[in-house]
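Note sheet for the following structure.
These values consider heavy atoms only, across backbone and side chains, with no hydrogens, waters or symmetry-generated copies.
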Amino acid sequence: MKIGFIGLGNMAKAMIGGMLREGIVEAGDIIGSAKTRATLECRKEEFHIMTSESNQYVAEYADVVILAVKPVFLSEVIGEIREAVTEKKLVISIAAGKSMEWIEREFGKRIKLIRCMPNTPALVGAGCTAVCSNSLAEEADEEFCLKLMESFGRAIAIPERLMDAAGAVSGSSPAFVFLLIEAMADGAVKAGMPRKQAYEFAASAVAGSARMVLETGIHPGELKDMVCSPGGTTIEGIAVLEEKGMRAAVIEAVGACVEKSKKL
């Protein structure tokens with residue numbers, strides 16, 4: 001199985017690293033293209049994959065074509081590879097906000113298509129990717145795609161109508177969490193803790209809390225209550241967050257991401 005990446009940015013880097021680490025494909029079975037020679041040389045040296053300056057050549061060579069470019073460039077790229085993508089090839093898009101209907105319209109024909117929305121924690125093997133398929137993609141195609149995406153984290157099949165929500169709650173929200181970690185660390189620094197230690201404590205607390213949600217299956221509200229001792233320090237902090245509208249602000253932020261995704 002030959003895998004072709006059109007675009008070799010950070011997300012493609014995470015995906016290639018996961019695939020090779022898990023032994024899903026060999027380096028010699030991967031080819032990629034990028035806009036700059038520097039990126040091509042960097043990925044070739046890092047992963048020992050084949051590279052090309054031609055998007056069309058990558059699409060012709062590969063059995064699975066992964067569109068790993070920003071949404072603004074997707075129409076241009078599809079125009080370059082349209083004739084090279086036959087009915088036998090599987091196309092996987094990770095472009096935010098671009099529906100399968102839109103992608104097929106750009107190709108001007110029906111294709112085997114799977115749309116994915118990974119997130120940046122994939123860079124450390126802790127990603128969470130939403131996956132949806134069109135009617136031409138067979139069950140084996142979706143299984144293969146899920147296997148690829150699981151090589152760098154979790155992968156969850158969902159209907160396409162939920163992709164904008166998945167992009168917000170998974171794709172965009174790491175930035176919210178980074179902001180939270182930074183703010184928590186700032187609070188610790190204000191209390192006298194060195195900056196480096198503050199980031200370590202804050203990030204570890206977030207990572208551990210997330211694992212508790214995923215591994216215990218306990219409702220987040222119940223886990224929160226377990227930390228809040230009567231008359232204790234934690235409930236004092238929770239009261240401040242509620243007073244400042246943290247819950248509502250996060251809900252509105254996710255909603256804003258969903259609406260922006262629909263307009264891309």
Side-chain angles (χ1 to χ4, degrees), residues 7 9-15 18 66-78 92-106 113-134 145-146 148-150 152-186 202-203 205-207 209-214 219-221 223-224 238 241-264:
N10 285 333
M11 195 55 66
K13 175 181 176 179
M15 296 171 73
I66 299 177
L67 303 176
V69 298
K70 294 185 182 301
V72 67
F73 300 124
L74 191 56
S75 181
E76 177 185 348
V77 165
I78 291 175
I92 298 175
S93 171
I94 65 169
K98 297 302 185 183
S99 69
M100 291 188 288
E101 180 183 3
W102 183 93
I103 293 171
E104 285 192 323
R105 188 164 60 245
E106 290 294 307
L113 177 62
I114 298 180
R115 182 182 171 195
C116 298
M117 179 48 43
N119 62 1
T120 54
L123 289 166
V124 292
C128 184
T129 304
V131 177
C132 65
S133 307
N134 74 354
C145 181
L146 287 168
L148 291 183
M149 301 303 155
E150 286 170 352
F152 48 86
R154 294 173 179 261
I156 304 170
I158 62 172
E160 189 176 25
R161 63 182 176 80
L162 297 179
M163 285 298 283
D164 291 322
V169 76
S170 177
S172 299
S173 64
F176 306 165
V177 177
F178 298 145
L179 185 65
L180 173 63
I181 290 171
E182 185 179 31
M184 289 167 61
D186 284 345
V206 170
S209 301
R211 283 189 63 184
M212 288 183 72
V213 172
L214 291 172
H219 190 283
L223 290 172
K224 177 209 70 178
I238 291 292
L241 293 175
E242 294 288 9
E243 179 185 358
K244 300 298 183 181
M246 176 184 177
R247 190 188 302 262
V250 172
I251 292 171
E252 290 186 23
V254 171
C257 291
V258 170
E259 292 306 310
K260 180 65 176 181
S261 178
K262 291 178 179 178
K263 296 175 182 178
L264 289 177

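With values rounded to the nearest 0.5 angstrom, L113 atom CG is found 6.0 Å from M100 atom CE. Atom CZ of R105 is separated from atom CD1 of I78 by 10.5 Å, given to the nearest 0.5 angstrom. Interatomic distance, L214 CG to S209 OG, rounded to the nearest 0.5 Å: 11.0 Å. Note that the CE atom of M11 and the NZ atom of K70 stand 9.5 Å from one another [nearest 0.5 Å].
Here E150 pairs with nothing under the side chain to side chain donor-acceptor pair (under 3.5 Å) rule; sequence neighbours left out. Residues forming a side chain to side chain donor-acceptor pair (under 3.5 Å) with S261 (at least two apart in sequence, or on another chain): D164. Residues satisfying the side chain to side chain donor-acceptor pair (under 3.5 Å) test with S75, not counting sequence neighbours, are E106.
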Q | Worked check of side chain to side chain contact (heavy atoms under 4.5 Å, CB included) between N10 and T120 | A | CA-CA 8 Å; N10 285 333; T120 54; over 6 Å; no
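Between K98 and P71, the shortest heavy-atom contact is CE-O, 3.8 Å. Taking every heavy atom of both residues into account, M163 and C132 meet most closely at CG-SG, 3.7 Å. Scanning all heavy atoms of the two residues, the minimum distance from F152 to P118 falls at CE1-CB, 4.4 Å. A pairwise comparison of heavy atoms in C145 and V131 identifies SG-CG1, 4.2 Å as the closest pair. The minimum heavy-atom distance linking E104 with N134 is given by the pair OE2-ND2, 2.9 Å. Residues L146 and A157 come closest through the heavy atom pair CD2-N, 4.3 Å.
The side-chain heavy atoms of L264 and W102, taken from C-beta on, include no pair separated by under 4.5 Å. Using a 4.5 Å heavy-atom cutoff, the side chains of M149 and I114 are not in contact. I94 is listed as a side-chain neighbour of M15, based on a closest heavy-atom distance under 4.5 Å.
For residues 175-185, the set of pairs meeting the side chain to side chain donor-acceptor pair (under 3.5 Å) definition, not counting sequence neighbours, is empty.
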Scan the side chains in residues 251-259 for donor-acceptor partners under 3.5 Å anywhere in the protein, sequence neighbours excluded, and list what turns up.
none

Side chains of residues 166-175: which donor-acceptor pairs under 3.5 Å do they make with residues two or more places apart or in other chains?
residue: S170; atom: OG; partner: N119; partner atom: ND2; Å: 3.1
residue: S170; atom: OG; partner: C128; partner atom: O; Å: 3.1
residue: S173; atom: OG; partner: V169; partner atom: O; Å: 2.5

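Under the 3.5 Å distance criterion, the side-chain polar atoms of R247 are left unmatched by any main-chain donor or acceptor of L241.
Counting non-hydrogen atoms of neighbouring residues, nucleotides and ligands closer than 6.0 angstrom, the CD atom of E242 exceeds 12 such neighbours.
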